[in-house]
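Excluded from the calculations below are hydrogen atoms, water molecules and symmetry mates; all remaining heavy atoms, backbone and side chain alike, are included. Along the sequence shown, the residues carry numbers beginning at 1.
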Amino acid sequence: MLLTGVLVISAIFFGWLFAGSASMRLGLTTPRADALSMGTEAHHAAHAEHEPQSRWRKYLFSEDHKTIARQYLITGIFWAVIGLSLSVFFRLQLGFSSMKLDFLRPILGNWINEAGKLDQDFYLSLVTMHGTIMVFFVLTAGLSGTFSNFLIPLQIGARDMASGFLNMLSYWFFFLASLIMFSSLFVRTGPAAGGWVIYPPLSAIPEAHPGSGVGMTLWLISMAFFIISQLLGGINYITTVINLRTRGMSFSKLPLTIWSFFLTAVLGLISFPVLLSAVLLLIFDRHFGTSFYLSEIYIKGEALPNVGGSPILFQHLFWFLGHPEVYIVIMPALGITSEIIATNARKPIFGYRAMIASLMGIAFLSFIVWGHHMFVSGMNPFLGSVFMFLTLIIAVPSAVKAFNYITTLWKGNIRFTTAMMFSIGLVSFFISGGLTGIILGNSTLDIPLHDTYFVVAHFHLVMGAAAAFGLLAGVYHWFPKMFGRVMNERLGNIHFWLTFIGVYLTFFPMHYLGIAGFPRRYYAFTSYDFMKGNFSGMNTFITIAAIMTFAGQWIFLWNFFYSMFKGKKATQNPWRSNTLEWTTPIHPGHGNWPGELPAVYRWPYDYSKPNAVEDFIPQNVPFSQTPESNLPHETEQVELEKVIEAQNLNDQFKQPH
């Protein structure tokens, strides 16, 4: 834990250092007292002008947050294709256990054995790599890395991130981690095969299993670089939100997207170092003879010299990150959904402050419920009851969010754009998957269900599918701002319905399989008579549904890449939204706004306001320009606009020339 503390303190220090050095370079050595100029500053102007750059510097090693966001997105899409493909391979084994898979030999090579079946050792590797890729490389880096980078400066009115160099470095550490992880797919003994949770002793002893060899070492090295990437990104996100908000952008006027990205970064900054510690200790056990996780292990009848370690220690370290990781994945998706639902329901988000409080409650509680993943580890029953109580409490802020989404939709003038449909799909998965989470949070019920498909169903609905729908909703909604064009809505509708129906057909039946006792991670369940007769038909059905869902994603890929170059050109504000990113040019340059930064006067959800000329009022529109729709307390804000204007004039004298 000492290493964790050192990393967190270092992260805070460097975040402060970069923010402070930016201010000092521009002569801003004293904080402003004005409550309406919440930290923003003329030093934004330093990013407004940039020297001409080479193509390599502009598109590959860019420090522009928008380019880096696109890099994260494209890399995440690549990994999504790989991760989903791996899941199709092992679903074929489960759904068609008697079918020969020789047609996969050109792809999988020797991992298809002489009998034409998937090699049983490689099956465990497929399960491990699928979980790792989807959780970390797609739903963490692909989702948060894309939209935190893209939206934070644009929605808070900043020229760029606090440190463009650290931002660039965070992506390239992620890319390096991707290369190492990808290379592990081609080693002779196969990639890591200890499950995505890589529990020791299987992961700590290279001789334990072919997938515990070189592939496991590459997995650990890759994850170390991935964690460094996430820490660098988190430092930037937190520093940028705190220090670089434009004039008038108080925390009470931040879009819920920014709140979710900010709290996600805080979660990552505190919890990821713990996983790094666990990974480093595991490397020591594997290669340097230490015994952090090993004790009294026998291989082929011979005792290893390791004494005094405990694999339960690894479980504690892993799940201290593992449960916040669930919310590191889902919270950005919830923030994206909040923005899209309010925009397309043409209504103010219901319970703005309650939504912020629920995000904070989820963030806090996520750190003290990790033990519910360990009910079957021999935990003291009293301690298990404490974790059970805390786990059930976390359902309260989650229910608040679901209730507020439904209430926002109620009697709204809903526009069923593709992004809106994916957002509503997220709410559906969040509710249906969350209800089964209450069941698994009860230790009495979790113990018999723990290693069954009931857990697989819950996990994939509430986190996997919900977060993926948030990612897809964000891509469809902000594609015009990312690429200056609009994705095809008809193809988007087909993509949504194939994916939505396919996900439910794939994972909902798994609840019944789990209740009936069907275990997860089994290679050949047909070896057992009681499973062969009861579960073969359902597994075949699930596999067909999974293949259908996977096929639907190629529609998205075609729509995405075709629209990037040939899609209909976007207008400046195609969704008639209130947030600041839509006030930039259609193709914003490095610096986002060509002139002065916009000032903020109102919250981001002024939709369908009574007596307003339009059904939306952007954040940068002063109250003095909307007298017909001002509420009494908003009329009082007109006098404060003069303070913002005076501050703007003062900033012009502070800008470097």
**OP:** Please report the closest heavy-atom contact between Trp172 and Leu60, naming both atoms and the distance.
**Re:** CZ2-O, 3.4 Å

**OP:** Carefully, step by step, assess Asn149 and Asn167 under the rule side chain to side chain contact (heavy atoms under 4.5 Å, CB included).
**Re:** CA-CA 8 Å; Asn149 267 298; Asn167 205 20; 2.6 Å; yes

Subject >> Interatomic distance, Ile258 atom CD1 to Thr240 atom OG1 [nearest 0.5 angstrom] >> reply: 10.0 Å

Original post:
Between the main-chain N or O of Val135 and the side-chain N or O of Thr140, is there a donor-acceptor pair closer than 3.5 Å?
Top reply: yes

Subject >> Ser222 side chain vs Ala177 backbone, donor-acceptor pair below 3.5 Å >> reply: yes

**OP:** Would you please name every residue forming a salt bridge (Lys or Arg N to Asp or Glu O under 4.0 Å) with Arg602, sequence neighbours left out?
**Re:** Asp606

Original post:
With no hydrogens and no angle check, is any side-chain donor or acceptor of Lys401 less than 3.5 Å from a backbone partner on Ser338?
Top reply: no

Original post:
How about Tyr327 and Thr264: does a side-chain donor come under 3.5 Å of a side-chain acceptor?
Top reply: no

Original post:
Trp219 and Ser184: side chain to side chain donor-acceptor pair (under 3.5 Å), yes or no, with the steps?
Top reply: CA-CA 7 Å; Trp219 191 99; Ser184 74; over 6 Å; no

Subject >> Phe251 vs Trp259 side-chain heavy atoms within contact, under 4.5 Å >> reply: yes

Subject >> Ring centre gap for Phe174 and Phe225 strictly below 6.0 Å >> reply: no

**OP:** Taking the six-membered ring for Trp and the full ring for Phe, Tyr or His, determine whether the centres of Phe173 and Phe226 are under 6.0 Å apart.
**Re:** no

Original post:
Residues two or more places apart in sequence or in another chain: which of them pass salt bridge (Lys or Arg N to Asp or Glu O under 4.0 Å) with Glu614?
Top reply: Arg576

Original post:
Of the options Leu472, Val475, Leu471, which is the one that meets Phe422 in a side-chain contact (heavy atoms from CB on, under 4.5 Å)?
Top reply: Leu472

Subject >> Gap separating the CG atom of Asn559 from the NE2 atom of His495, nearest 0.5 angstrom >> reply: 9.0 Å

Subject >> Closest contact, heavy atoms only, Tyr72 versus Gly145 >> reply: CD1-O, 3.6 Å

Original post:
What are the two closest non-hydrogen atoms of Val138 and Gly76, and how far apart are they?
Top reply: CG2-O, 3.8 Å

Subject >> Sub-4.5 Å side-chain heavy-atom contact between Phe261 and Ile336 >> reply: yes

Subject >> Where Ser144 and Tyr237 come nearest, the two heavy atoms and their spacing >> reply: O-OH, 4.2 Å

**OP:** Verify the distance criterion only: is there a donor paired with an acceptor across the side chains of Gln155 and Thr257 at less than 3.5 Å?
**Re:** yes

**OP:** Give, for atom CZ of Phe137 and atom CH2 of Trp79, the distance between the pair rounded to the nearest 0.5 Å.
**Re:** 6.0 Å

Original post:
Are the side chains of Tyr601 and Gln619 in touch, meaning some heavy atoms are under 4.5 Å apart?
Top reply: no

Subject >> His65/Asn592 under side chain to side chain donor-acceptor pair (under 3.5 Å): CA gap, chis, key distance, verdict >> reply: CA-CA 10 Å; His65 71 99; Asn592 297 331; 3.2 Å; yes

**OP:** State, with a plain yes or no, whether a side-chain heavy atom of Tyr476 is found less than 4.5 Å away from one of Thr417.
**Re:** no

Subject >> Check: Leu334 main-chain N/O paired with Tyr405 side-chain donor or acceptor under 3.5 Å >> reply: yes

Original post:
Quick one: CZ on Phe175 to CZ on Phe182, what's the gap to the nearest 0.5 Å?
Top reply: 10.5 Å

Original post:
Using a distance-only test with no angle check, is there a side-chain donor-acceptor pair under 3.5 angstrom linking Ser252 and Trp603?
Top reply: no

